[in-house]
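This report refers to the structure that appears directly beneath it.
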Amino acid sequence: MSTAKLPPKAEQPVICVVGARPNYMKMAPIIRAFAAYRPALKTLLVHTGQHYDAAMNDRLFADLQLPRPDINLEVGSGSHAVQTAEVMKRFEPVIEQHGARAVLVVGDVNSTLACALVAAKRHIPVIHVEAGLRSGDRKMPEEINRIVTDQISDLLYTTERSAHANLQREGVAEERAVFVGNVMIDSLMASLPQAVAPAELLAAAGQNPERLAQGYGVVTLHRPSNVDSADTLVPIIGALREVAARLPLVFALHPRTRGNLERFGLLRELEAENFIILPPQGYLEMLGLMAGATLVLTDSGGIQEETTALGVPCLTIRENTERPITVEQGTNTLVGVAPEAIVTAARSVLESGGKRGRVPEYWDGHTAERIAAHLAAWLKTAEVEA
Ligand code: UD1
């Protein structure tokens with residue numbers, strides 16, 4: 001379609017992109033905050049379809065009061081190359097048809113990188129929310145997504161001050177990065193009053209709520225490096241079984257993890273032990289579970305931040321984190337993947353109560369408002385200068 005029919009730049013939408021589960025909690029408050037600037041600032045919400053299961057999508061949209069996407073690109077699963085390429089192919093016509101004042105991407109999933117690339121090549125400003133986080137591990141697909149997205153972004157909103165040093169090291173001009181705080185915590189604070197009580201959740205899942213009465217832990221695992229190979233997954237599950245001997249563990253299974261547990265013949269065993277196996281949970285269910293937990297064991301990025309905001313001890317089953325502030329100030333401990341280390345750290349939490357920490361600067365529930373105010377002014381200036 002010809003771009004000649006498009007309205008003037010200032011009337012074109014800011015295209016906001018989501019693709020996978022961790023994007024939704026970041027985008028919901030942003031869309032709400034942008035609404036206060038209508039009609040001067042219009043948005044178009046695009047879902048790439050990277051995550052498509054009802055369990056990974058619909059419930060979360062409802063829980064977060066995220067409006068239905070204006071457009072769904074329905075890319076589905078595939079190798080990284082296929083998924084990224086498919087998003088790019090399908091996203092470009094959206095820009096052609098609707099125009100874009102800017103493209104706003106969040107986080108570090110394949111959809112984030114794909115849409116940022118398309119926009120940058122069409123000379124459309126790229127806004128990256130949650131910029132500058134680095135694990136230092138380029139074997140993580142998200143790390144590649146972070147590095148490349150930040151390089152081609154025009155405006156980078158950061159969650160912690162350490163991100164600025166990372167960006168500076170990579171040659172990103174200082175004035176492009178703005179410290180605004182953590183937008184995920186906006187969602188957490190807005191939703192905490194509606195969080196579902198864990199006992200209620202268990203009863204609804206047909207399980208005995210009494211199983212949680214003496215305390216419980218929450219487990220999430222989905223990183224390919226942890227769950228795709230039996231050599232890594234089997235010892236991790238072994239460690240979790242030892243922890244479960246002392247504390248019931250609620251395990252909300254990502255589809256990738258469920259598939260691999262089945263493949264390696266581990267799922268049946270877990271079901272017979274002190275685990276409460278659940279499908280991926282809604283946001284309000286997850287919040288309720290985490291808020292009431294004695295301990296959370298995870299390889300997720302977002303959960304490291306959410307547990308810090310909730311003051312709940314978190315053991316991160318990874319060798320590195322791109323969110324160092326959760327370790328330095330919050331409740332997070334990096335325990336690695338060695339089973340003995342996981343068990344020892346869990347025991348220590350059970351004995352001592354674990355880290356309490358404090359909530360980092362600007363993780364205050366108002367980050368999306370800061371982004372909206374800054375972006376509205378920035379766009380005006382950028383368009384005048386253009
Ligand atoms: C993606 C993100 C990861 C994020 C995670 C949260 C990338 C590189 N990874 O990983 O950063 O932490 O989402 O969940 O973008 N599947 C389903 N239903 C779905 C989606 C996926 O069954 O709705 C299954 C498919 O078998 C698929 C596998 O899960 O092959 C992995 O999905 P994919 O989107 O490739 O990556 P995630 O592991 O979910």
Side-chain angles (χ1 to χ4, degrees), residues 17-27 46-61 63-64 69 72-88 90-91 105-117 128-131 133-135 137-149 184 187 219-229 232-233 251-264 267 278-283 285-286 296 298-307 314 316-318 320-323 326:
V17 177
V18 291
R21 183 169 65 175
N23 294 160
Y24 311 149
M25 349 5 210
K26 293 164 198 164
M27 193 58 82
V46 173
H47 194 315
T48 64
Q50 176 172 345
H51 281 174
Y52 45 87
D53 272 7
M56 304 291 281
N57 268 301
D58 308 1
R59 277 274 290 293
L60 292 171
F61 266 71
D63 289 348
L64 291 158
N72 193 320
L73 304 177
E74 297 179 351
V75 297
S77 301
S79 70
H80 287 273
V82 166
Q83 193 172 56
T84 308
E86 209 50 56
V87 173
M88 290 180 72
R90 297 183 193 201
F91 185 59
V105 294
V106 295
D108 54 18
V109 303
N110 287 341
S111 303
T112 307
L113 169 63
C115 295
L117 260 175
H128 186 204
V129 174
E130 201 190 84
L133 297 182
R134 296 291 183 270
S135 67
D137 176 5
R138 290 199 179 194
K139 291 217 172 75
M140 260 181 111
E142 293 82 359
E143 185 77 350
I144 306 296
N145 295 343
R146 294 179 196 121
I147 293 168
V148 181
T149 303
M184 258 195 133
S187 275
V219 181
T220 79
L221 283 179
H222 75 281
R223 295 238 159 265
S225 57
N226 280 345
V227 305
D228 280 0
S229 132
T232 327
L233 187 57
F251 198 165
L253 282 185
H254 184 282
R256 175 192 284 278
T257 312
R258 174 175 285 277
N260 288 331
L261 287 172
E262 275 169 4
R263 205 150 57 90
F264 306 142
L267 192 56
L278 297 172
Q281 291 299 296
Y283 184 64
E285 283 78 4
M286 247 348 255
V296 173
T298 191
D299 61 8
S300 150
I303 289 177
Q304 295 173 49
E305 299 183 333
E306 288 163 344
T307 45
C314 177
T316 295
I317 304 180
R318 284 174 45 186
N320 50 54
T321 180
E322 60 288 336
R323 294 160 160 91
T326 61

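We number each residue from 1, following the sequence as shown. All of these numbers come straight from a predicted model, not from anything done at the bench. Numbering of ligands and ligand atoms starts at 1, following listing order.
Closest non-hydrogen pair, T307 versus I303, comes out as OG1-O, 2.7 Å. Contact record, P280 with H254: CG-CA, 4.4 Å, taken as the closest heavy-atom pair. Residue T220 comes nearest to T298 through the heavy atom pair OG1-OG1, 2.6 Å, listed as atom of the first residue, atom of the second, then distance. Heavy-atom minimum distance, R138 versus I144: O-CD1, 3.6 Å.
The protein non-hydrogen atom at the shortest distance from atom 3 (C) of ligand 1 is E142 OE2, 3.2 Å. Among all non-hydrogen protein atoms, the one lying nearest atom 2 (C) of ligand 1 is V109 CG1, 3.7 Å. Here the heavy atom of the protein found nearest to atom 38 (O) of ligand 1 is R256 NE, 3.0 Å. Looking only at heavy atoms of the protein, atom 29 (O) of ligand 1 is closest to H254 CE1, 3.9 Å. Scanning the protein heavy atoms around atom 22 (O) of ligand 1, the nearest turns out to be P255 CB, 3.3 Å. Among protein heavy atoms, the minimum distance from atom 7 (C) of ligand 1 is reached at Q50 NE2, 3.6 Å. Among all non-hydrogen protein atoms, the one lying nearest atom 27 (C) of ligand 1 is S77 OG, 3.2 Å. The nearest heavy-atom contact from the protein to atom 39 (O) of ligand 1 is H51 NE2, 2.7 Å.
Under the 4.5 Å side-chain criterion, counting only non-hydrogen atoms from C-beta, S135 is in contact with R146. Inter-residue side-chain proximity for E285 and D63 is flagged as met; some heavy-atom pair is nearer than 4.5 Å.
Proximity to Q83 (heavy-atom distance under 4.0 Å) selects the following atoms of ligand 1: 34 (O), 35 (O). Residue N110 has at least one heavy-atom neighbour below 4.0 Å for each of these atoms of ligand 1: 7 (C), 8 (C), 15 (O). Heavy-atom proximity to P22, at under 4.0 Å, picks out these atoms of ligand 1: 4 (C), 6 (C). When each atom of ligand 1 is checked for a heavy atom of M56 under 4.0 Å away, the hits are 14 (O), 19 (C), 23 (O).
Checking only distances, H222 does come within under 3.5 Å of ligand 1, N or O to N or O. Below 3.5 Å of separation, one finds no N or O of H80 facing any N or O of ligand 1. Geometrically, ligand 1 and N57 share no nitrogen or oxygen pair separated by less than 3.5 Å.
If you run side-chain hydrogen bond (donor to acceptor under 3.5 Å, both in side chains) between N145 and each of N110, T84, D108, T112, only N110 comes through. When the options R323, R223, R318 are evaluated for a salt bridge (charged side-chain N to carboxylate O under 4.0 Å, His left out) with E142, the one that passes is R223.
The side-chain hydrogen bond (donor to acceptor under 3.5 Å, both in side chains) test applied to H47 returns Y24, N57, not counting sequence neighbours.
Of all the heavy atoms of S300, none lies under 4.0 Å from any atom of ligand 1, so neither backbone nor side chain is involved.
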